[in-house]
Colleague: 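Here's a structure for you.
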Amino acid sequence: MNTTTTAAAPPVPSPGARAGGLAALLVLADGRFPAGGHAHSGGAEAAVKAGRITDGPTLEEFCRGRLHTAGLTAAALAAAAAAGLDPLALDDAADARTPAPALRATARRLGRQLMRAARATWPSDGLDALAAARPRGAHQPVVLGLAARSAGLGPLDAAYASVYESVSGPATAAVRLLSLDPFDATAVLARLAPAMDTVAGRAAAAASRAALEGPDALPASAAPLLDITAELHAAWPVRLFAS
């Protein structure tokens, strides 16, 4: 895995550091932020078809597993980008942590859409440089972290935005896929709040280590079943969600 950076290592950030206001985090994490996530189920559509998500409790089980695996990995990448690590090195690290071609394509497609929204909302040289270097899209968590940095937010903020997205996407999709009561889906997210706190903290701490040791210090937690079902889902001729 390539850990070479193009600039001197930044100072190690405090995991809870925030330069900007909390309201910017609310804007970034808002499901109505035009980043394209509404078109993706985070693996929930394939899980529903396979019978692994059927109701509130099974949705919670799915989201909890996603949070502690793919969710942790994505949140750590986002936190590292917000901390100022080289986004191109982080993009390479994200590629190495995303073995499924369908998920790599999805991550870059979402990253490209998020980049458009972020540059319109919080213009910055950092976003412009990454957009120029990755015209077909960088991985979404890396763009998310750089957007957070451009908004004056810190690594922990970026991690929170990422972990919330990792569970809120499947929860919202399940409402549409199962006609699940939205109140039940929201209750799932509320029950997952302590776990989101934990994972966001772990991700921000990993970003602090990566500032000294490089991207190899970031988590690489895997969810093989998500990888497999993503490839199957991509081949479906008819589907409600893009992924």
Side-chain angles (χ1 to χ4, degrees), residues 20 23-46 66-67 70-71 73-82 85 87-95 97-98 100-153 157-177 203 226-227 229-231 233-234 236 239-243:
L25 175 58
L26 301 180
V27 173
L28 184 61
D30 192 335
R32 291 162 293 190
F33 190 71
H38 65 279
H40 297 263
S41 76
E45 185 168 22
R66 192 174 195 275
L67 173 64
T73 299
L77 287 163
L85 275 72
L88 296 181
L90 292 174
D91 196 54
D92 290 340
D95 241 10
R97 288 161 170 75
T98 314
L103 290 181
R104 285 199 299 273
T106 294
R108 293 193 179 279
R109 188 160 57 245
L110 284 169
R112 187 168 60 248
Q113 176 66 23
L114 176 57
M115 178 67 77
R116 291 179 60 197
R119 291 175 77 188
T121 309
W122 299 291
S124 73
D125 292 342
L127 287 170
D128 290 345
L130 182 57
R134 294 287 189 270
R136 301 187 68 177
H139 278 260
Q140 191 269 359
V142 179
V143 180
L144 177 63
L146 201 56
R149 183 177 177 84
S150 298
L153 298 169
D157 298 312
Y160 265 112
S162 184
V163 298
Y164 180 70
E165 180 182 63
S166 74
V167 294
S168 62
T172 301
V175 172
R176 296 171 62 185
L177 291 162
L226 284 179
D227 295 335
T229 55
E231 291 298 315
H233 183 273
W236 292 358
R239 56 184 185 265
L240 183 60
F241 290 93
S243 71

Colleague: With a 4.5 Å limit on heavy-atom distance, are the side chains of L144 and L77 in contact?
Modeller: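 No, every pair of side-chain atoms sits at 4.5 Å or beyond.
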
Colleague: Using every non-hydrogen atom in the two residues, find where A132 and P135 come nearest and quote the distance to one decimal.
Modeller: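 Answer, listing the atom of A132 first, then P135: O-CD, 3.5 Å.
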
Colleague: Counting only heavy atoms from other residues, nucleotides and ligands, does the tally under 6.0 Å from CZ of R119 exceed 12?
Modeller: yes

Colleague: Please find the pair of heavy atoms, one from T121 and one from A117, that lie closest to each other, and give the distance.
Modeller: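 Distance-wise, the nearest heavy atoms are OG1-O, 2.7 Å.
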
Colleague: CG of D157 to CZ of R149: how many Å apart, nearest 0.5 Å?
Modeller: 12.5 Å

Colleague: Does some side-chain heavy atom of H139 sit less than 4.5 Å from a side-chain heavy atom of D95?
Modeller: yes

Colleague: Supply the atom-to-atom distance T98 OG1 to R108 CZ, rounded to the nearest 0.5 angstrom.
Modeller: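 T98 atom OG1 to R108 atom CZ measures 8.5 Å (nearest 0.5 Å).
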
Colleague: So does L146 get a backbone contact from the side chain of S150, meaning a donor-acceptor N/O pair under 3.5 Å?
Modeller: yes

Colleague: Is the side chain of S41 donor-acceptor paired with the backbone N or O of S243 at a distance under 3.5 Å, no angle test?
Modeller: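 Side chain of S41 to backbone of S243, a donor-acceptor pair under 3.5 Å: yes, one is there.
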
Colleague: Is the closest basic N to carboxylate O distance between D92 and R134 below 4.0 Å?
Modeller: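 Result for this pair is yes, salt bridge flagged.
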
Colleague: Can you tell if the side chain of W122 reaches within under 4.5 Å of the side chain of V27, non-hydrogen atoms only?
Modeller: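 Yes, at least one pair of side-chain atoms sits under 4.5 Å.
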
Colleague: Output, in order, the C-alpha distance, side-chain angles, deciding distance and verdict of side-chain contact (heavy atoms from CB on, under 4.5 Å) for Y164 and L25.
Modeller: CA-CA 11 Å; Y164 180 70; L25 175 58; over 6 Å; no

Colleague: Are there over 12 heavy-atom neighbours, none belonging to F33, within less than 6.0 Å of that residue's CZ?
Modeller: yes

Colleague: Which atom names give the shortest non-hydrogen contact between A148 and A82, and what distance separates them?
Modeller: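 The answer is CB-CB, 4.4 Å.
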
Colleague: Could you pull out the closest heavy-atom pair between A203 and A76, with the gap in Å?
Modeller: CB-N, 3.5 Å

Colleague: For the side chain to side chain donor-acceptor pair (under 3.5 Å) test, which of H40, H233, R239, R176 pairs with E45?
Modeller: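 It is H233, the one option of H40, H233, R239, R176 that forms the side chain to side chain donor-acceptor pair (under 3.5 Å) with E45.
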
Colleague: Minimum heavy-atom separation for G42 and P170, please, with both atom names.
Modeller: O-CG, 4.1 Å

Colleague: Quick check: closest heavy atoms across P87 and V142, and the distance to 0.1 Å?
Modeller: O-CG1, 3.7 Å

Colleague: The test is side-chain contact (heavy atoms from CB on, under 4.5 Å); show your working for L226 and R66 and say whether it passes.
Modeller: CA-CA 8 Å; L226 284 179; R66 192 174 195 275; 3.9 Å; yes

Colleague: Are the side chain of T106 and the backbone N or O of L103 linked by a donor-acceptor pair below 3.5 Å?
Modeller: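 It does not hold such a pair.
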
Colleague: Just do the side-chain contact (heavy atoms from CB on, under 4.5 Å) check on L88 and L130 with the steps written out, would you?
Modeller: CA-CA 7 Å; L88 296 181; L130 182 57; 3.8 Å; yes

